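Worksheet: one structure, shown below.
Nothing here was measured: the structure is a model prediction, and the numbers come from that model. Numbers restart at 1 for each chain; the letters A, B, ... are given by sequence-line order, proteins then strands.
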Amino acid sequence: MVILEKYVKQIYRCARCGWCRTPTFADHGINKVCPVYEYHPKGPWEFFTARGRLAIAQGLLEGEIDVTKDLVEIIYSCTTCGACHEVCVIHFPVVMGVSKTDELDQVRVFEAMRAEVFKRRPDMLLEPHRRIAERVATQRNPYGEPHDQRFEWLSDTYRLAKQGETVYFVGCTSAYRHPEIARSTIRVLSKAGLVPAIIDEWCCGSTLLRTGQWDYVEELAKHNLEELKKAGARKVVVSCAGCYRTLKLDYPEILGSKWDFEILHATELMWELIEEGRLKIAKSLNQKVTYHDPCHLGRHAGVYDPPRDIIKSIPGVEFVELTPTRQYAMCCGGGGGVKSGFNELALRIGIAAVKRAEGIGAKILLSACPFCKRNLVEAIEACKAGIEFYDITEVLAKLV
Amino acid sequence: MSSPSTSEKIKMLKDIVGPENVVDSKPALLIYARDASPMSGKVPIAVVRPGSTEEVQRIVEWANETKTPLYPRSGGTSLWGAVPLVEGSVVVDLAKMNRLVRIEERNLTCVVEPSITFGELEALLAKRGFRIIMSPENGMGATVGGNFASHGTGWGAGPNFSNQGDCVVGCKVVLPTGEVLTTGTMANPNAHGHFYRYAFGNDLTGLFCGSEGTLGIITELALKIEEMPGALGFTTFGYDSLEAVGEAIYRVRRLRIPTIYAYISTGWTLDMLFPEKAPWQHTIKFVVEASTKEILDIEMRRLMEAAGKEGNYLGPQMAEETWRERYRWVGLFGYKLGMRAALPIHVPIGEVGPYLKKVEEMAREIKDKYGLRVGAGGFACDRSCVIIVVVYFDPSNKRETELALRAWHEIKGKLFDAGACPYRMGALWADHMPKLGAYYDLLKRLKKVLDPNNIMAPGIMGL
Ligand SMILES: Cc1cc2nc3c(=O)[nH]c(=O)nc-3n(C[C@H](O)[C@H](O)[C@H](O)COP(=O)(O)OP(=O)(O)OC[C@H]3O[C@@H](n4cnc5c(N)ncnc54)[C@H](O)[C@@H]3O)c2cc1C
């Protein structure tokens with residue numbers, strides 16, 4: 001029980017006050033927090049909420065429960081979005097500005113529970129997650145696509161160097177499933193005269209970290225570190241919120257001070273370029289637009305403003321906020337291994353997100369993560385919503 | 001009929017509510033053996049989730065047939081051991097019954113299902129320009145049904161109201177034998193909704209107020225609603241002694257100043273919470289409600305005089321901020337210093353000072369004996385004042401948790417002996433029920449008549 005023991009203090013800190021179940025912060029337009037509690041096909045059960053999961057963590061620590069199929073299903077039915085952390089009663093003193101605490105980091109604990117369970121019973125891992133690990137090990141990406149075709153989408157228009165101070169870390173989902181995001185990112189950066197380099201990147205390991213398969217991640221991180229060093233990189237730009245969280249928050253923990261790069265999300269860099277006047281938005285977009293905060297970018301890493309600043313600076317755009325939004329935003333449903341493990345759940349959460357956007361009259365739903373894109377586009381199709389989805393980079397690529 | 005096995009029981013339950021509404025796997029059940037207190041109960045054999053009064057009725061009938069104990073649960077946020085106390089029980093999770101059923105605008109009432117949270121209900125009512133009268137500090141997680149069933153009180157308490165029960169005009173209950181009872185005016189099927197509680201003889205609504213699940217499952221409640229307040233006033237005073245605090249609370253109440261919040265924070269508790277600003281005086285934060293600004297001005301002047309007699313004026317800000325954050329600020333008092341074992345009790349409105357002094361003494365004793373910190377605060381009700389005594393501890397430390405539990409029970413005994421009145425008994429106070437003599441005997445007899453198989457929440461309140 002080595003892994004979970006590191007989190008004992010946090011696990012027992014839960015007050016079971018129920019704020020992670022059904023809080024209503026009317027002033028923030030919140031009446032829902034946990035997407036799994038709200039939209040699981042099995043309906044609202046307490047074990048889906050943070051306090052339920054923390055009771056399970058206590059049960060695991062105390063040897064009260066074994067690793068069973070039911071347990072695995074519960075602990076993997078969590079998008080690890082972290083909304084429960086934002087509303088948690090024990091963090092309220094922080095909100096009041098009187099105390100600083102990381103006493104209970106729900107996302108870390110839930111990820112550690114998965115790692116613990118995987119360590120004890122690797123055979124119980126969900127098949128899609130096992131396959132992901134297998135594919136990452138053989139092809140360096142969770143989709144099992146050939147590694148040597150990772151940059152197939154890169155047209156001749158862009159001849160990217162293998163050396164440079166600024167490296168674009170494309171990420172597996174953009175590389176193999178949503179190359180339009182990668183192409184758009186490069187197009188926008190190039191317009192500002194910033195042609196990034198690319199490296200022989202391997203999967204950042206996010207999918208493995210989120211699904212409790214931690215062992216192999218260090219090797220991935222080391223490889224990416226070496227490649228970045230070889231390229232002479234100082235800045236790393238990522239367009240995937242999952243990669244961003246991993247490179248920005250997880251790698252420093254795994255690699256320590258050796259990991260010494262400035263990590264920027266594409267929206268951060270692009271906003272910087274707009275502000276400096278290096279990037280001009282030439283065309284207008286006369287539409288009502290809203291923005292979905294990717295959990296890994298917003299709640300996990302605190303990047304809320306640059307994407308909004310970009311959207312608001314597009315001529316003609318009428319920007320409307322979703323409710324709830326920013327740190328209280330509802331997850332798209334795609335993260336934490338839920339998309340691959342429980343697609344029905346992911347879609348239900350996604351459909352709810354799309355309906356919220358439709359409900360405020362938005363015609364375009366923007367986000368800044370290929371994972372969100374995957375799930376929200378599917379959700380739009382599934383509920384035949386009258387709204388279009390784009391990654392911010394895609395929209396910018398058309399307007400600059 | 002021979003008693004069915006656990007797996008047979010679960011199958012039967014699934015037949016009643018559908019398989020998706022029953023869980024029986026151990027990890028899924030763990031949270032249902034806990035409330036928000038440090039007490040844990042016996043893990044039930046299953047949790048069942050009804051969606052309607054009819055389903056609740058069938059579950060209760062089934063429980064009688066199979067002699068299975070049932071424990072109703074709404075928000076699961078009790079602080080007094082509202083947990084399954086016997087083996088082999090089933091928890092009835094009312095989470096799906098969380099709707100605002102209707103607003104009876106002409107009756108100034110609304111009808112809700114038990115599991116709607118205060119936060120949600122307030123938001124829904126506000127859209128129509130209404131509000132409820134009373135809500136607990138934990139309005140985020142706490143539900144109306146659970147609050148009524150456990151004598152809840154909180155924001156809104158003052159000269160007019162002291163308990164959630166004061167705000168309920170009727171309810172619908174599935175009795176322990178499965179019949180459905182509607183209380184208040186709606187007992188007459190021809191009545192124009194819920195508008196009066198004390199009709200048709202005995203106040204049967206009161207039978208279920210504070211019954212903690214022992215006499216049936218409440219499936220609907222009719223609550224008083226009011227227009228949004230015309231004007232609110234805020235002020236805070238600091239006091240050098242607990243006697244002065246007690247006198248201020250009594251004077252303000254006696255003058256019928258319309259407070260909806262008069263919250264005491266003891267100085268030593270504030271010292272622990274905000275050591276950077278220590279030493280603290282004892283404070284009382286007041287919120288006053290009036291129908292117009294003009295009336296408010298008059299009441300605020302009266303308050304300033306009554307509360308300011310021995311007090312030190314600290315301005316409106318603290319009270320206003322707390323009111324604005326009324327469903328969240330409990331995070332500070334409650335959990336900044338660790339987990340808490342809380343003891344809320346009522347004491348007479350005119351005896352607040354002496355009781356707080358006793359609590360202060362107990363806090364010192366506990367600190368000396370166990371090395372644990374004890375805080376205290378409270379708020380004025382109608383003719384009583386709630387005092388909440390809190391033992392703080394680190395729940396990940398086994399030894400400290402044990403000591404905290406010991407301290408908790410020790411304080412509990414001393415408070416009871418000193419005449420304090422606990423109002424939500426759960427498992428925590430069950431051992432003190434026999435001390436109530438004839439009162440307890442009658443409760444037991446009532447329970448036996450209404451629940452001959454003792455299926456509803458056995459052990460809770462010592463029943
Ligand atoms: C941080 C914090 C602050 C709090 N502050 C306050 C406060 O200011 N004032 C206050 O009053 N309380 C307070 N509480 C206690 C608690 O949150 C509330 O009293 C709450 O209303 C209890 O409701 P619940 O839905 O959580 O009830 P539960 O815990 O689910 O149930 C309470 C009791 O009622 C029974 N019950 C529940 N639903 C039904 C039903 N439908 N029919 C029959 N019996 C039922 C249960 O069996 C149990 O015995 C606080 C708790 C916390 C954690």
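Contact detail for Ala15(A) and Tyr335(B): the closest heavy-atom pair is CB-CE2, 3.3 Å. Across all their heavy atoms, Lys26(B) and Ile65(A) have their closest contact at CG-CG2, 3.2 Å. Nearest heavy atom pair, residue Ser396(B) against residue Val8(A), reads CB-CG1, 3.7 Å.
Residue contact with chain A, scored on non-hydrogen atoms closer than 4.5 Å, is absent for Phe118(B). For Arg21(A), the part lying under 4.5 angstrom from a heavy atom of chain B is the side chain only. Interface remark: Arg73(B) contributes side-chain atoms only to the contact with chain A (heavy atom separation under 4.5 Å). Neither the backbone nor the side chain of Thr401(B) comes within less than 4.5 Å of any heavy atom of chain A. At a 4.5 Å heavy-atom cutoff, Val91(B) makes no contact with chain A through either its backbone or its side chain. Using a 4.5 Å cut-off between heavy atoms, Tyr7(A) makes no contact with chain B at all. Proximity to chain B is absent for every atom of Cys20(A), based on heavy atoms less than 4.5 angstrom apart. Residue Pro38(B) touches chain A through its backbone alone, counting heavy-atom pairs closer than 4.5 Å. Interface remark: Val47(B) contributes backbone and side-chain atoms alike to the contact with chain A (heavy atom separation under 4.5 Å).
Applying the side chain to side chain contact (heavy atoms under 4.5 Å, CB included) rule to Glu400(B) yields the partners Leu372(B), Phe393(B), Asp394(B), Asn397(B); only residues at least two apart in sequence or on another chain are considered. Applying the salt bridge (Lys or Arg N to Asp or Glu O under 4.0 Å) criterion to Glu127(A), with sequence neighbours excluded, gives Arg130(A), Arg131(A).
The most heavy-atom pairs under 4.5 Å with chain A, out of Ala36(B), Ala126(B), Ser40(B), Ser78(B), come from Ala36(B). Among Pro19(B), Ala28(B), Ser115(B), the residue with the largest count of heavy-atom pairs under 4.5 Å with chain A is Ala28(B). Looking only at heavy-atom pairs under 4.5 Å with chain B, the residue among Glu64(A), Arg16(A), Lys9(A) that has the most is Arg16(A). Of the residues considered (Glu122(B), Lys96(B), Met339(B)), Met339(B) shows the highest number of contacts with chain A, using heavy-atom pairs under 4.5 Å. Put simply, of Pro27(B), Gly141(B), Gly119(B), the one with the most heavy-atom pairs under 4.5 Å next to chain A is Pro27(B).
Within 6.0 Å of CD on Glu20(B) lie more than 12 heavy atoms contributed by other residues, nucleotides or ligands.
Applying the salt bridge (charged side-chain N to carboxylate O under 4.0 Å, His left out) test to pairs two or more places apart or on separate chains, none has a residue in residues 34-48 of chain B.
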Exercise. Report the C-alpha distance between Glu103(A) and Lys336(B) in whole Å, list the side-chain angles of each, state the deciding distance to 0.1 Å, and finish with yes or no for side chain to side chain contact (heavy atoms under 4.5 Å, CB included).
Key: CA-CA 10 Å; Glu103(A) 283 172 289; Lys336(B) 190 182 166 198; over 6 Å; no

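Identified by a heavy-atom distance below 4.5 Å to chain B, the contributing residues of residues 42-59 of chain A are Lys42(A), Gly43(A), Pro44(A), Trp45(A), Glu46(A), Phe47(A), Arg51(A), Gly52(A), Ala55(A), Ile56(A), Gln58(A), Gly59(A), in residue-number order.
We find the SG-CZ distance between Cys17(A) and Arg340(B) to be 9.5 Å, quoted to the nearest 0.5 Å.
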